[in-house]
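Note: hydrogens, waters and symmetry copies are ignored here, and every other heavy atom, side chains too, is used.
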Amino acid sequence: GLRLGWLESRSPAVIQRVAQLKDYTTICPPAPSEVLGAVALRAQPALLERSRAIAAEGLAAARATVAKHPAALEWSEPAAGTFAFVGLKSGGGG
């Protein structure tokens with residue numbers, strides 16, 4: 001499989017250090033990954049739109065599931081991101 005990684009930082013020192021570590025640990029980056037990474041950057045708006053739609057669909061499904069079983073499930077809806085932790089209420093049944 002292809003492996004791509006992204007790093008963003010406001011600190012130039014962090015970026016420089018990570019680049020040094022990558023150069024030290026990577027003999028030769030795989031060409032297909034480099035090419036596909038460049039393609040992804042050019043298609044960023046479409047990829048972001050698709051990813052946001054998938055995340056919104058998942059959030060709607062999670063909301064519906066928790067709402068359907070209020071006696072058994074509880075959660076703190078995520079403010080951002082794609083991870084949510086749903087808790088099982090003690091003795092909730094359902």
Side-chain angles (χ1 to χ4, degrees):
L2 298 174
R3 293 183 182 199
L4 297 171
W6 307 93
L7 175 72
E8 184 174 334
S9 175
R10 292 183 176 150
S11 170
V14 169
I15 296 294
Q16 181 179 12
R17 183 64 179 138
V18 170
Q20 289 172 342
L21 290 170
K22 182 187 179 302
D23 290 343
Y24 180 75
T25 60
T26 304
I27 295 171
C28 179
S33 295
E34 298 267 330
V35 170
L36 289 174
V39 169
L41 286 174
R42 286 193 297 273
Q44 184 179 9
L47 291 175
L48 284 175
E49 182 179 333
R50 178 181 177 272
S51 294
R52 286 181 179 137
I54 291 169
E57 185 177 322
L59 180 58
R63 279 182 186 139
T65 300
V66 173
K68 185 176 179 180
H69 304 284
L73 301 176
E74 61 186 358
W75 77 328
S76 294
E77 185 172 316
T82 57
F83 290 91
F85 296 97
V86 178
L88 183 60
K89 292 182 180 179
S90 178

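By the 6.0 Å contact criterion, CD on Glu57 is open, its count of non-hydrogen atoms from other residues, nucleotides or ligands being 12 or less. With a 6.0 Å radius and a threshold of 12 heavy atoms from other residues, nucleotides or ligands, Glu49 has its CD atom at or below the threshold.
Summarising the geometry of Trp75 relative to Val86, their closest heavy-atom pair is CB-CA, 4.0 Å, with the distance given to 0.1 Å. In terms of heavy atoms, Ser9 sits closest to Val14 at OG-CB, 3.7 Å. Heavy-atom minimum distance, Thr65 versus Leu73: O-CD1, 3.9 Å. For the residue pair Leu47 and Ala40, the shortest heavy atom distance occurs at CD1-O, 3.6 Å. Annotation for Pro78 and Phe83: closest pair CB-O, 3.6 Å, computed over non-hydrogen atoms.
Atom CD of residue Gln16 and atom CG of residue Leu21 lie 11.0 Å apart, to the nearest 0.5 angstrom.
Residues Ile54 and Leu59 do not share a hydrophobic cluster, clusters being chains of Ile/Leu/Val/Met/Phe/Trp/Tyr side chains in contact below 4.5 Å.
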